[in-house]
Protein chains: 2
Amino acid sequence: MGFTKKHIFDEQQNQIANFTKMIGHPARVSIIQYISQNEDSNCNNLVKAIGLAQPTISQHLAEIRKTGLLKQTVKGKNLYYSINQDKLNECRRLINDFFVKTQVNCSNTVSSLK
Amino acid sequence: MGFTKKHIFDEQQNQIANFTKMIGHPARVSIIQYISQNEDSNCNNLVKAIGLAQPTISQHLAEIRKTGLLKQTVKGKNLYYSINQDKLNECRRLINDFFVKTQVNCSNTVSSLK
DNA sequence: TTATTTAATTGTGATATTGCAATATCACGT
DNA sequence: ACGTGATATTGCAATATCACAATTAAATAA
């Protein structure tokens, strides 16, 4: 087939998958880190800092933008990116919740082993 | 090209990407949740519970296994899966650390804005 | 030995992702 | 108007992922 059968999963499972998939490429991890550390985060600076071609960086930025994690500020002819901290928090909580619940479930099923 | 240029990123960035990519599909989120909740987690039960074909589930299990998140127990002709809690913790810490550092960096760059 | 059950593997088609060159767009400066 | 710089978009080739049918392998049951 080739496409993900999203409809057989619930909203939350799809949301967790969307966020983690967005982070799931080292270039995007690196881009998020760079933007959080540098105020002058525009496309060009990311290209220089990371070492991928401009269209590639632009594409990864679009991927991250889709989830709402980025804010844009136009200053003259430059477009600066920054982290949408509310969305970052939402993302963090969702994923952390997934881990916490999984851990709790593990402990419960193990303890029920008599 | 078609392949990820992992070599231009550092160990930690690749690790974060590997873990999040592994979680980044709703079927795998669902599989991890099911295994953490049910002791009788073998391939067949996952097939019934999730509604994807047996080879598809088996493939997703292999994907999760690659990261070390699963333990296997053979009981008769059945193969039961459970969560490797140490690895789950490692994964959780790595990702949480990524979020914490990103948030701290955001606060610092914002406060330095004059 | 001969089914049967369980799960991995193989092969295949469809779709998605990764990366980049070329191009387009848009704003600014001259 | 014209050139320049910054970034998005388009088009393309290579690779990866998703899903499943068919097959295989291994253990158990008859």
Side-chain angles (χ1 to χ4, degrees), chain A residues 1-9 13-14 17-18 20-31 34-35 38-67 70-82, chain B residues 1-9 13-14 17-31 34-35 38 40-67 70-82:
Chain A
M1 304 209 157
F3 57 90
T4 297
K5 288 186 161 180
K6 301 198 176 189
H7 59 282
I8 70 175
F9 305 101
Q13 289 167 333
N14 279 308
N18 281 342
T20 49
K21 190 178 176 187
M22 176 269 287
I23 302 172
H25 189 292
R28 292 194 286 271
V29 171
S30 184
I31 287 172
Y34 184 91
I35 293 178
N38 298 277
E39 272 189 71
D40 59 344
S41 299
N42 55 13
C43 186
N44 256 337
N45 288 335
L46 285 164
V47 169
K48 283 179 216 156
I50 292 177
L52 290 171
Q54 181 268 321
T56 308
I57 295 292
S58 194
Q59 198 177 268
H60 281 300
L61 280 169
E63 210 66 37
I64 304 174
R65 239 181 316 171
K66 272 198 320 194
T67 66
L70 294 180
K71 287 192 295 187
Q72 313 186 7
T73 312
V74 178
K75 255 188 215 174
K77 67 183 163 190
N78 283 10
L79 174 55
Y80 292 99
Y81 282 102
S82 59
Chain B
M1 303 211 159
F3 57 91
T4 297
K5 288 188 162 181
K6 301 198 177 191
H7 60 282
I8 70 175
F9 305 101
Q13 289 167 335
N14 279 308
N18 281 342
F19 277 128
T20 48
K21 190 177 176 187
M22 176 269 287
I23 302 172
H25 189 293
R28 292 194 287 269
V29 171
S30 184
I31 287 172
Y34 184 91
I35 293 178
N38 299 278
D40 59 343
S41 298
N42 56 9
C43 187
N44 257 339
N45 288 336
L46 285 163
V47 169
K48 282 179 216 153
I50 292 176
L52 290 171
Q54 181 268 320
T56 307
I57 295 291
S58 195
Q59 197 177 267
H60 282 301
L61 281 169
E63 210 67 37
I64 305 174
R65 241 182 315 172
K66 271 199 318 194
T67 67
L70 294 180
K71 286 192 294 186
Q72 313 185 8
T73 312
V74 178
K75 255 188 215 173
K77 67 182 162 189
N78 284 10
L79 173 55
Y80 292 99
Y81 283 101
S82 59

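As the structure is a computational prediction, the values presented were derived from the model and not from experiment. Reminder, nothing fancy here: chain letters follow the sequence lines and each chain counts from 1.
- Using a 4.0 Å heavy-atom criterion, one finds that T56(A) contacts the bases of the nucleic acid, with or without backbone contacts as well.
- Shown here are the side chain to side chain contact (heavy atoms under 4.5 Å, CB included) partners of A49(B), two or more places apart in sequence or in another chain: Y34(B).
- By the side chain to side chain contact (heavy atoms under 4.5 Å, CB included) test, A17(B) is found to be paired with P26(A), V29(A), residues two or more places apart in sequence or in another chain being considered.
- Contacts of S82(A) classified as side chain to side chain contact (heavy atoms under 4.5 Å, CB included), with partners at least two apart in sequence or in another chain: K71(A).
- For Q59(B), there are no side-chain hydrogen bond (donor to acceptor under 3.5 Å, both in side chains) partners two or more places apart in sequence or in a different chain.
- The span of DNA chain D lying next to chain B, judged by atoms under 4.0 Å from heavy atoms, is bounded 5' to 3' by dA13(D) to dT28(D).
- Within the 4.0 angstrom heavy-atom criterion, no nucleotide atom of any strand lies near E63(B).
- Note that the CE atom of M22(A) and the CG atom of N18(A) stand 9.5 Å from one another [nearest 0.5 Å].
- At the heavy-atom level, K6(B) lies nowhere under 4.0 Å from the strands shown.
- With sequence neighbours excluded, the residues satisfying side-chain hydrogen bond (donor to acceptor under 3.5 Å, both in side chains) with K66(B) are E63(B).
- Remark: S58(B) engages no residue in a side-chain hydrogen bond (donor to acceptor under 3.5 Å, both in side chains) (not counting sequence neighbours).
- Take N42(B) and apply the side-chain hydrogen bond (donor to acceptor under 3.5 Å, both in side chains) test, not counting sequence neighbours, and it matches N45(B).
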The contact string for nucleotides 3-8 of chain C, one letter per nucleotide 5' to 3', using protein heavy atoms under 4.0 Å with B, S and - for base, sugar-phosphate only and none, comes out as --SSBB

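- Two residues, L52(A) and M1(A), neighbour DNA chain C, and the one matched to the more 5' nucleotide by heavy-atom proximity is M1(A).
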